Amino acid sequence: MVVLETIIVAFSMFSALPMPQIEWNSRNMRYSLLAFPLIGAVIGGVCWLWAALCLALGLPAILRGAGLCILPVLLTGGIHLDGYADTCDALASHAPPARKREILKDAHLGAFAAIRLGVWFVASFALWTALPDYHGWAIVCLFCLSRTLSALALTLFPLAEGSGLARSFAEASDRKTVRAVLIVYAALLCLALILARGAVMTLAALCVFLDFRRMARTQFEGLSGDLSGWFLQTAELWMLAALCLMEYMEKLL
């Protein structure tokens with residue numbers, strides 16, 4: 001029962017999928033970060049079905065790309081894109097860390113956030129459309145790995161002052177156990193990607209993760225939920241770009 005509640009807590013927080021209403025407490029939040037990659041598996045599976053449907057119906061690549069760009073946003077309710085936008089606004093301010101953290105809490109959408117969101121959607125749509133072949137297993141691993149690393153950061157990185165729900169999830173978790181399991185998750189997903197000829201995708205994810213650690217420490221003096229959203233959206237975009245690059249390079253060679 002606790003395992004099911006743990007999964008429900010994770011899906012209630014990080015997805016827009018309908019879930020039963022339960023009380024969040026120390027028991028069902030303790031390992032909820034471990035269920036975060038399951039949401040990636042669901043998103044990857046739905047995208048896989050959409051790609052298969054497009055192939056079966058002979059739909060053009062532009063419709064396949066539009067669906068693959070939009071579906072993850074619909075399934076998550078845009079929660080990670082919200083953090084991405086807030087972080088872009090804060091970074092564009094070039095203000096001290098304390099002021100950047102204030103900007104993260106501002107509910108208004110700034111000009112730089114709108115610009116960066118537009119760029120993100122155009123890049124995502126273009127990459128999904130340009131993808132020569134749809135490797136279902138690699139895409140499922142992409143969504144799972146981004147969430148595994150995002151959850152891992154909450155157990156590894158120092159938290160920013162007043163980091164809201166990110167702090168709630170981090171402090172409610174058994175950090176030592178959760179961290180160890182997430183490291184195993186990440187290692188297995190990286191291995192799966194390498195075996196699926198996605199070594200470049202793995203490299204892209206790890207590079208963004210390292211840059212994320214630097215950015216959170218130097219620009220914000222700690223991690224927050226908004227920064228985690230920025231990391232997840234950035235990592236997925238760069239992993240997708242790496243997959244496209246790999247496939248086109250294979251065709252050239």
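These figures come from a predicted structure and were not determined experimentally. Worth knowing before you read on, the calculation uses all heavy atoms, side chains too, and leaves out hydrogens, waters and symmetry mates.
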With sequence neighbours left out, what residues match V200 under side-chain contact (heavy atoms from CB on, under 4.5 Å)?
->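 With sequence neighbours excluded, V200 shows a side-chain contact (heavy atoms from CB on, under 4.5 Å) to A242, given in chain and number order.
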
Angle class for the F209/F157 ring planes (parallel below 30°, perpendicular above 60°, tilted otherwise)?
->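 It falls in the tilted class, 30° to 60°.
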
Heavy-atom pair of closest approach, residues F125 and T129 |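 So the minimum-distance heavy-atom pair works out to O-OG1, 2.8 Å.
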
Hey, any chance I183 and F231 share a hydrophobic cluster, counting ILVMFWY side chains that come within less than 4.5 Å of each other, even indirectly?
->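 Looking at the clustering, F231 is in the same group as I183.
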
Distance-minimising heavy-atom pair for T202 and C190 =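 Smallest interatomic distance, heavy atoms only, reads CG2-SG, 3.5 Å.
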
May I ask whether M239 and L71 are part of the same hydrophobic cluster, defined by side-chain heavy atoms of I, L, V, M, F, W, Y residues being less than 4.5 angstrom apart, directly or through others?
->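 Hydrophobic grouping puts M239 with L71.
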
More than 12 heavy atoms of other groups within 6.0 Å of R179 CZ |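 Yes, the 6.0 Å shell around CZ holds more than 12 heavy atoms from other groups.
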
Would you give the length of the straight line joining atom CZ of R30 to atom CD of E5, rounded to the nearest 0.5 angstrom?
->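 Separation between the atoms: 14.5 Å.
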
Same cluster or not: are F11 and L232 linked, directly or through other Ile, Leu, Val, Met, Phe, Trp or Tyr residues, by side-chain heavy atoms under 4.5 angstrom apart?
->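 In one cluster: yes.
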
Those residues that, when tested against P97, pass side-chain contact (heavy atoms from CB on, under 4.5 Å) (two or more places apart) |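 So P97 forms a side-chain contact (heavy atoms from CB on, under 4.5 Å) with R101, E221.
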
Let me see the working for L193 and C141 under side chain to side chain contact (heavy atoms under 4.5 Å, CB included), right down to the final yes or no.
-> CA-CA 7 Å; L193 276 173; C141 288; 3.7 Å; yes

Distance-only check: which donor-acceptor pairs under 3.5 Å involve side-chain atoms of residues 143-153, not counting sequence neighbours?
residue	atom	partner	partner atom	Å
S146	OG	L142	O	3.4
S146	OG	F143	O	3.1
S146	OG	E236	OE2	2.7
R147	NH1	F143	O	3.2
R147	NH1	E236	OE2	2.7
T148	OG1	C144	O	2.8

Measure the shortest side-chain to side-chain distance between D82 and D226 over non-hydrogen atoms and say whether it is less than 4.5 angstrom.
->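 Side chain of D82 against side chain of D226, heavy atoms only: contact under 4.5 Å found.
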
By side-chain contact (heavy atoms from CB on, under 4.5 Å) - contacts of L188 (at least two apart) =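 Testing L188 for side-chain contact (heavy atoms from CB on, under 4.5 Å), a comparison that skips the adjacent residues, returns V184.
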
Got S12 and V9 here, is their nearest side-chain heavy-atom distance under 4.5 Å?
->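 Counting from C-beta outward, S12 and V9 never come under 4.5 Å.
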
From W128 atom CH2 to I62 atom CD1, the distance as rounded to the nearest 0.5 Å =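 Those atoms lie 16.0 Å apart.
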
Hydrophobic cluster membership, W238 vs L243, 4.5 Å side-chain cutoff =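 Shared cluster, yes.
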
Going by heavy atoms in the side chains, are L237 and L127 under 4.5 Å from each other?
->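 Side chain of L237 against side chain of L127, heavy atoms only: contact under 4.5 Å found.
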
If you measure from the Lys or Arg side-chain nitrogens to the Asp or Glu carboxylate oxygens, is any gap between E102 and R99 under 4.0 Å?
->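 Salt bridge between E102 and R99, a charged N being under 4.0 Å from a carboxylate O: yes.
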
Do the side chains of P158 and L223 get nearer than 4.5 Å, heavy atoms only?
->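 The answer is no, as the side chains (C-beta and beyond) never meet within the 4.5 Å cut-off.
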
If every non-hydrogen atom of L34 is compared with every non-hydrogen atom of Y185, which pair is closest and at what distance?
->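 That closest heavy-atom pairing would be O-CE2, 3.4 Å.
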
K100 side chain vs A90 backbone, donor-acceptor pair below 3.5 Å =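 Pair absent, no side-chain N/O of K100 close to backbone of A90.
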
Heavy atoms of other groups near L17 CG, more than 12 under 6.0 Å |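 Count over threshold, so yes.
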
Would you indicate whether the side-chain heavy atoms of T234 and F212 approach each other to under 4.5 Å?
->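 F212 does not reach T234 side chain to side chain.
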
Let me know which of M13, M19, Q21 forms a side-chain contact (heavy atoms from CB on, under 4.5 Å) with I8.
->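 Answer after filtering M13, M19, Q21: M19.
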
Linking I/L/V/M/F/W/Y whenever any side-chain heavy atoms sit under 4.5 Å apart, do M215 and L159 land together?
->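 Looking at the clustering, L159 is in the same group as M215.
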
Using atom types as modelled, flag every donor-acceptor pair under 3.5 Å from a side chain in residues 35-55 to any protein atom, sequence neighbours excluded.
residue	atom	partner	partner atom	Å
W50	NE1	R64	O	3.2

For residues V178 and T155, report the shortest heavy-atom separation together with the two atoms involved.
->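 Taking every non-hydrogen atom into account, CG1-CG2, 3.9 Å.
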
Hey, what do you get for CG (D211) to CZ (R214), rounding to the nearest 0.5 Å?
->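 Interatomic distance, D211 CG to R214 CZ, rounded to 0.5 Å: 4.5 Å.
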
With a 3.5 Å cut-off and sequence neighbours excluded, list the donor-acceptor pairs that the side chains of residues 108-121 form with protein atoms.
residue	atom	partner	partner atom	Å
H108	ND1	D106	OD1	2.8
W120	NE1	Q233	O	3.3

F220 and A160: which non-hydrogen atoms are nearest, and at how many Å?
->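 Smallest heavy-atom distance, with atoms named: O-CB, 4.1 Å.
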
To the nearest 0.5 Å, what is the distance between CG (L245) and CG (L240)?
->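 Spacing of CG (L245) from CG (L240) equals 11.5 Å.
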
Would you give the length of the straight line joining atom CG of L75 to atom CZ of F14, rounded to the nearest 0.5 angstrom?
->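 The CZ atom of F14 is 15.5 Å from CG of L75, to the nearest 0.5 Å.
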
Test item: Y248 side-chain N/O and A130 main-chain N/O as donor-acceptor pair under 3.5 Å =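 The answer is yes, because a donor-acceptor pair under 3.5 Å joins these two groups.
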
Might you point out which heavy atoms bring A192 and W137 nearest each other, and give the distance in Å?
->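 Distance-wise, the nearest heavy atoms are CB-NE1, 3.7 Å.
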
Nearest 0.5 Å, what's the CG-CD distance between L91 and Q219?
->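 Those atoms lie 5.5 Å apart.
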
